[in-house]
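One structure below.
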Amino acid sequence: MNLFADIRTLVLDSLTDLVADGALPDGLNMANVTVEPPRDAAHGDMATNAAMVLAKPAKMKPRDIAEVLAVKLANDPRVVSAEVAGPGFLNLRLDAGVWQSVLATILASGTDYGRSDMGNGQKVNVEYVSANPTGPLHVGHTRGAVFGDALASLLDYSGHDVTREYYINDGGGQVDTLARSVYLRYLEALGQDVAFEEGTYPGDYLIEVGEAVAKAKGDIWVGQSESVWLAELRETSTDAMMDLIRADLLALGVKMDVFFSEKSLYGTGLIEAALADLDSKGLIYEGVLPPPKGKEPDDWEPREQTLFKSTEHGDDVDRPVKKSDGNWTYFAPDVAYHFDKVSRGFDALIDVLGADHGGYVKRMKAAVSALSEGKVPLDIKLCQLVRLYKDGQPFKMSKRSGDFVSLRDVVDLVGPDVTRFVMLTRKNDAKLDFDFDKVLEQSRENPVFYVQYAHARVMSVLRKAADAGIASDDVVLGSADLALLNHEAELTVIKKLAEWPRLVETAARTNEPHRVAFYLYELAGEFHALWNRGNELTQLRFIQDGDAATSQAKIALARAVSVVISAGLGILGVTPVQEMR
RNA sequence: GCCCCCUUGGCCUAAUGGACAAGGCGUCGGACUUCUAAUCCGAAGAUUGCGGGUUCGAGUCCCGCAGGGGGUGCCA
């Protein structure tokens with residue numbers, strides 16, 4: 001149930017009536033008519049822009065349209081008043097009963113309140129993390145992991161059929177480097193002194209892989225050339241790294257539906273098939289690219305390559321798909337991978353990448369546009385970097401990972417719930433400061449705490465109610481006399497709760513899960529404010545001694561707050577706490 | 001050079017094209033015989049980087065400029 005959508009329907013119906021009455025001309029486009037909460041509560045509960053949007057096409061003054069529309073709307077029992085304001089806004093006030101019934105809906109629906117069928121069961125593929133299998137995940141990956149996972153949940157909650165997917169980059173040169181690094185650890189495990197030169201991975205996390213290889217193989221590879229051991233070690237090492245990564249993700253609470261291996265595209269004709277598809281559309285050719293201007297590489301020389309005509313689909317230059325040695329560029333398998341996604345029948349694709357992949361956006365969109373003939377939209381969300389702080393100072397750590405702070409380090413220090421919430425306290429394209437002290441602080445400064453505290457307070461009320469012998473399970477609360485909730489302070493909180501379904505749809509439409517985190521912070525704020533007003537006005541306390549009926553109505557409100565907080569935290573992948581300790 | 005992102009009170013941020021730009025931090029002043037004051041209330045503080053444009057209406061969309069970041073053929 002989305003009250004704003006309901007009232008918008010009412011507005012549209014009233015406009016249709018006005019057309020039938022001859023008060024408005026026929027054939028108006030109502031698509032831009034909105035009903036939304038006004039920024040200033042003094043303007044009422046909801047505002048519609050109908051009169052202003054329709055003024056020009058109807059060749060009428062906005063205020064004239066607003067006047068007649070106001071009369072129509074005021075006929076509806078839900079509408080207490082409809083006033084024309086400003087340039088032609090129509091401000092609506094709704095009957096208290098409408099708001100009170102929102103609570104009944106929340107208690108009846110539980111955390112499904114806000115769930116929407118907006119997505120129409122559309123199949124959406126969300127690809128995220130997709131880190132190279134060369135080591136443990138670091139903080140940057142953590143942000144992408146949390147963002148992607150929350151976005152996937154959000155889309156699921158809003159009625160999409162979501163697949164969570166991880167693309168394993170196990171086909172390029174970096175897995176050879178990984179295998180060579182493991183070979184060194186293998187020699188080390190057999191007692192040799194080794195040096196980690198430039199171009200190898202020196203992280204401690206490969207020690208145990210080397211030891212395992214030494215145990216399994218003995219010394220048969222000592223002194224042998226790469227051709228003997230490289231292929232097998234590549235396999236062993238990437239498997240080990242993926243085990244590591246899966247465990248890292250699990251520690252964060254992320255579970256993928258699909259792990260898609262880049263390697264599986266090689267030697268199976270899939271890359272060739274994808275490029276053949278582009279070729280059949282006249283988008284593959286042999287040609288020479290111009291050198292990049294301004295910053296020409298020293299070793300530049302013109303070279304004929306196999307190119308994808310991505311400029312036909314919005315890119316700035318055409319992109320090579322083959323290296324001069326005849327191997328594919330990294331782009332080619334990625335085209336094939338996205339071709340595979342399109343072939344699997346997804347209606348929409350989303351890639352979550354680090355901001356350093358920004359240069360990749362246009363060509364990938366061009367590829368998907370070409371492969372799907374413009375039918376499958378690809379949205380690429382770039383996550384900006386995370387800066388770590390401790391004691392107010394930039395913070396670096398390399399417990400076991402080499403030269404970066406790992407996802408494990410973060411989760412071990414602050415836990416998955418805090419990690420997840422904090423990663424969503426900024427829009428994806430804004431930089432994020434992550435301060436190990438602040439995120440554990442118990443104060444309003446820390447949104448995680450603030451929201452959790454609100455939830456814990458509700459739980460506390462429920463415990464107190466039980467102690468006082470007041471029945472307060474959801475069924476009882478759902479049938480409480482909600483008309484007793486008529487104080488302005490209480491209605492303010494209810495109105496915030498009523499925004500939840502609308503917020504979900506906005507967040508899902510824009511692929512912006514951070515909106516959920518911000519909403520929860522605001523809702524928690526409204527709740528804390530109401531709670532504290534009980535200090536001065538005892539009538540606003542949730543438990544009213546000796547008055548079970550009133551108590552139940554007020555507890556119903558508190559409970560509804562906890563339900564919506566639970567629903568929101570659920571989308572973010574955060575567990576609501578029962579009490580603060 | 002070209003492409004992408006960013007620029008909002010002293011600091012960090014928010015805002016499906018809607019009304020007087022919303023929070024937090026910091027500053028100043030208040031509220032605990034209570035369901036947890038781990039919270040709340042109030043005050044001061046902004047020409048949304050600059051200049052144009054579209055629109056009834058622009059922080060938001062378009063063009064130009066400046067500053068910061070990222071990217072820019074055989075790394076992924």
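Letters A, B, ... are given to chains in the order of the sequence lines, protein chains preceding strands, and every chain is numbered from 1.
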Under 30°, 30 to 60°, or over 60°: which ring-plane class applies to A/His514 and A/Phe518, parallel, tilted or perpendicular? perpendicular
Distance between C1' atoms of B/rG9 and B/rU72 (Å, rounded): 38 Å
Salt bridge (charged side-chain N to carboxylate O under 4.0 Å, His left out) between A/Arg515 and A/Glu512, worked out: CA-CA 6 Å; A/Arg515 289 170 186 270; A/Glu512 293 181 339; 2.7 Å; yes
Watson-Crick or G-U wobble mate for B/rU55, both contacts under 3.5 Å: none
Using atom P in both nucleotides, what's the gap between B/rG52 and B/rA14 to the nearest angstrom? 28 Å
Minimum heavy-atom separation for A/Met30 to A/Arg8, with atom names? O-NH2, 3.5 Å
Heavy atoms of A/Pro320 and A/Phe331 approach each other most closely as O-CD2, 4.0 Å
Give one of base, sugar-phosphate or nothing for A/His514, where a contact means two heavy atoms less than 4.0 Å apart. sugar-phosphate
Using a cut-off of less than 4.0 Å, is there contact between a side-chain N or O of A/Trp531 and OP1 or OP2 of B/rU34? no
B/rA46 and B/rG59, which share atom name C1', separated by this distance in whole Å: 12 Å
Rounded to whole Å, how long is the line connecting atom CG of A/Leu537 with atom C1' of B/rC41? 12 Å
How about A/Tyr128 and A/Phe147: are their ring centroids closer than 6.0 Å? no
I'd like the C1' distance from B/rA66 over to B/rG51, given in whole Å. 11 Å
Under 4.0 Å between any heavy atoms, over every strand shown, what does A/Gln305 touch: base, sugar-phosphate, or nothing? Just pick one. base
Both distances below 3.5 Å, Watson-Crick or wobble geometry, any strand: find the nucleotide opposite B/rC65. B/rG49
Using the P atom in both, what is the distance from B/rG68 to B/rC61, to the nearest Å? 23 Å
Across the strands shown, which category fits A/Lys322 at heavy-atom distances under 4.0 angstrom: base, sugar-phosphate, nothing? nothing
Does the side chain of A/Arg457 get closer than 4.0 angstrom to OP1 or OP2 of B/rU34 through an N or O atom? no
Quickly work out the A/Arg533 CZ to B/rC41 P distance and round it to whole Å. 9 Å
Separation of B/rC4 atom P from A/Asp356 atom CG, nearest Å, is 18 Å
Which pair of heavy atoms, one from A/Met118 and one from A/Ala508, lies closest together, and at what distance? CE-CB, 3.6 Å
Could you state the NZ-C1' distance from A/Lys365 to B/rC3, rounded to the nearest angstrom? 13 Å
Nearest to side-chain heavy atoms of A/Phe542, which nucleotide of B/rC75, B/rC41, B/rC35: B/rC35
Report which part of the nucleic acid A/Tyr450 touches: base, sugar-phosphate, or nothing (heavy-atom distance under 4.0 Å, all strands). sugar-phosphate
What nucleic acid atoms does A/Ala55 come within less than 4.0 Å of, heavy atoms only: base, sugar-phosphate, or nothing? nothing
Check the distance between B/rC35's P and A/Arg541's CZ and give it to me in whole angstrom. 7 Å
Going by purine N1 to pyrimidine N3 plus the second Watson-Crick contact, or the G-U wobble pair, all under 3.5 Å, which nucleotide sits opposite B/rC2? B/rG71
Counting the atoms with a prime plus P, OP1 and OP2 as sugar-phosphate, which does A/Pro62 contact under 4.0 Å by heavy atoms, base, sugar-phosphate, or nothing? nothing
Distance test, side-chain N/O of A/Lys61 to OP1/OP2 of B/rC56, below 4.0 Å: no
May I ask you to evaluate whether A/Ser460 reaches the phosphate of B/rC35, defined as a side-chain N or O under 4.0 Å from OP1 or OP2? no
Name all residues meeting the side-chain contact (heavy atoms from CB on, under 4.5 Å) criterion together with A/Pro290; count only those two or more places apart in sequence or in a different chain, and write none if there are none. none
Using Watson-Crick or G-U wobble geometry with both distances under 3.5 Å, which nucleotide pairs with B/rU36? none
Please report the shortest heavy-atom distance between A/Leu503 and A/Val516, naming the atom on each side. CD1-CA, 4.0 Å
Taking B/rG29 as the reference, what is the distance to B/rU8 when you measure between their C1' atoms (whole Å, please)? 28 Å
Over how many whole Å does the gap from A/Arg426 atom CZ to B/rA14 atom P extend? 6 Å
Keeping A/Asp170 on the side-chain end and A/Ser261 on the backbone end, is there a donor-acceptor pair under 3.5 Å? no
Selection from B/rC75, B/rC3, B/rU55 that lies nearest to any side-chain heavy atom of A/Lys56: B/rU55
Please give, in whole Å, the distance from B/rU72 P to A/Arg319 CZ? 10 Å
RNA chain B: A/Arg303 or A/Thr425, which has the more 5' nearest nucleotide? A/Thr425
Readout for nucleotides 16-32 of chain B: B = base within 4.0 Å of protein heavy atom, S = sugar-phosphate only, - = neither; 5' to 3' it is B-BB---SSS-------
Does any nucleotide pair with B/rG9 by Watson-Crick or G-U wobble geometry, both distances under 3.5 Å, and what is it? none
Contact class for A/Glu301 (heavy atom, under 4.0 Å): base, sugar-phosphate, or nothing? base
How close or far is atom P of B/rG73 from atom CZ of A/Phe331, stated in whole angstroms? 14 Å
Assuming nearest nucleotide by heavy-atom distance, tell me which of A/Leu385 and A/Leu530 is located more 5' along RNA chain B. A/Leu530
Partner of B/rG29 by Watson-Crick or G-U wobble geometry, both contacts under 3.5 Å, or none? B/rC41
B/rG70 OP1/OP2 closer than 4.0 Å to side-chain N/O of A/Lys431: no
Using modelled atom types and a 3.5 Å cut-off, is there a donor and acceptor pairing between side-chain atoms of A/Ser116 and backbone atoms of A/Glu505? no
For A/Gly358, report the nucleic acid contact type (base, sugar-phosphate, nothing); a contact means any heavy atom under 4.0 Å. nothing
Between B/rC74 and B/rC6 - P atom distance, rounded Å: 26 Å
side-chain contact (heavy atoms from CB on, under 4.5 Å), that's the test. Do A/Trp328 and A/Lys323 meet it? Break it down for me. CA-CA 6 Å; A/Trp328 300 115; A/Lys323 301 183 200 172; over 6 Å; no
Between B/rC41 and B/rG24 - P atom distance, rounded Å: 8 Å
